[in-house]
Amino acid sequence: MIAAIGRDLSFTHEEVKHCMRKIVEAAFEYQQNVSRLEDAKCRAGSDMVKIMQFVFPVAIKIQQETMHQCGLPSDYEAAIRFTQLLHRFEKDDEELANLAGRFKTVFMPPLFSQAQFAPMQATTSSTTADSKQESP
């Protein structure tokens, strides 16, 4: 597995996937965490700076607690490395990409999270088509 401080934080694809399943479950299904996130979101409103100040730390804390429960290191450095590997692995793993996307909705306002997943070509095509119809 993974060594102590000053260690190689090389999580396997399967470790990241298993833990990400548990993180999403913890964020959306455990009432204690749902309440923590709702309280943070109420404090933040739609202000992105406040979301980073109040919601993001709660989401990261849930991630770290779940990493610990999965038997992985859970300090800040490990959480950063986990997230980096998640981004790398999700490119080739649709389930992992969906899990990551779902977790991102915890701390991203709806407008930002929807825009991130909306295909750019479809938006551009419909905008172009709409402007052609409006032109005489």
Derivation and outcome, side chain to side chain contact (heavy atoms under 4.5 Å, CB included), residues Phe89 and Lys17: CA-CA 9 Å; Phe89 295 147; Lys17 191 172 193 173; over 6 Å; no
Candidate pair Gln84 and Arg81, rule side chain to side chain contact (heavy atoms under 4.5 Å, CB included), full reasoning: CA-CA 5 Å; Gln84 290 171 336; Arg81 183 64 182 146; 3.5 Å; yes
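Remark: the backbone N or O of Val106 is paired with a side-chain donor or acceptor of Lys41 at under 3.5 angstrom. Glu15 places a side-chain N or O within donor-acceptor distance of the main-chain N or O of Thr12, the cut-off being under 3.5 Å.
Scored by the side-chain contact (heavy atoms from CB on, under 4.5 Å) test, Gln31 finds Val34, Ser35 as partners (sequence neighbours excluded). With sequence neighbours left out, His18 forms a ring pair (Phe, Tyr, Trp, His ring centres under 6.0 Å) with no residue at all.
Here the side chains of Gln53 and Lys50 are in contact, with some heavy-atom distance below 4.5 Å. In this structure, Val24 and Glu29 have side chains that are not in contact, with every pair of non-hydrogen atoms separated by 4.5 Å or more. Residues Glu90 and Glu95 have side chains not in contact (no heavy-atom distance under 4.5 Å, counting atoms from C-beta outward).
Sparse packing is recorded around NZ of Lys61, with 12 or fewer heavy atoms of other residues, nucleotides or ligands lying under 6.0 Å away. Atom NE2 of His68 has 12 or fewer neighbouring heavy atoms from other residues, nucleotides or ligands inside a 6.0 Å radius.
Atom CG of Asp93 and atom CG of Leu86 lie 9.5 Å apart (nearest 0.5 Å). Note: Cys70 SG to Arg21 CZ = 10.5 Å, rounded to the nearest 0.5 Å.
Closest non-hydrogen pair, Thr66 versus Ile62, comes out as OG1-O, 2.8 Å. Residues Phe103 and Ala27 come closest through the heavy atom pair CE1-CB, 3.9 Å. Among all heavy-atom pairs drawn from Ser74 and Met67, the shortest one is CB-CB, 4.2 Å. Of all non-hydrogen atoms in Leu37 and Ala59, the two that sit nearest each other are CD2-N, 4.1 Å. For Val55 against Ala44, the heavy-atom pair with the smallest separation is CG2-CB, 4.0 Å. The two residues Val58 and Ala40 have their closest heavy-atom pair at CG2-CB, 4.0 Å.
Residues Met48 and Ile60 share a hydrophobic cluster, clusters being chains of Ile/Leu/Val/Met/Phe/Trp/Tyr side chains in contact below 4.5 Å.
Annotation for Ile80: hydrophobic cluster partners, listed by chain and number, are Tyr76 (ILVMFWY side-chain heavy atoms under 4.5 Å, direct or chained).
Under the 30°/60° scheme for interplanar angles, the aromatic rings of Phe11 and Phe82 are found to stand perpendicular.
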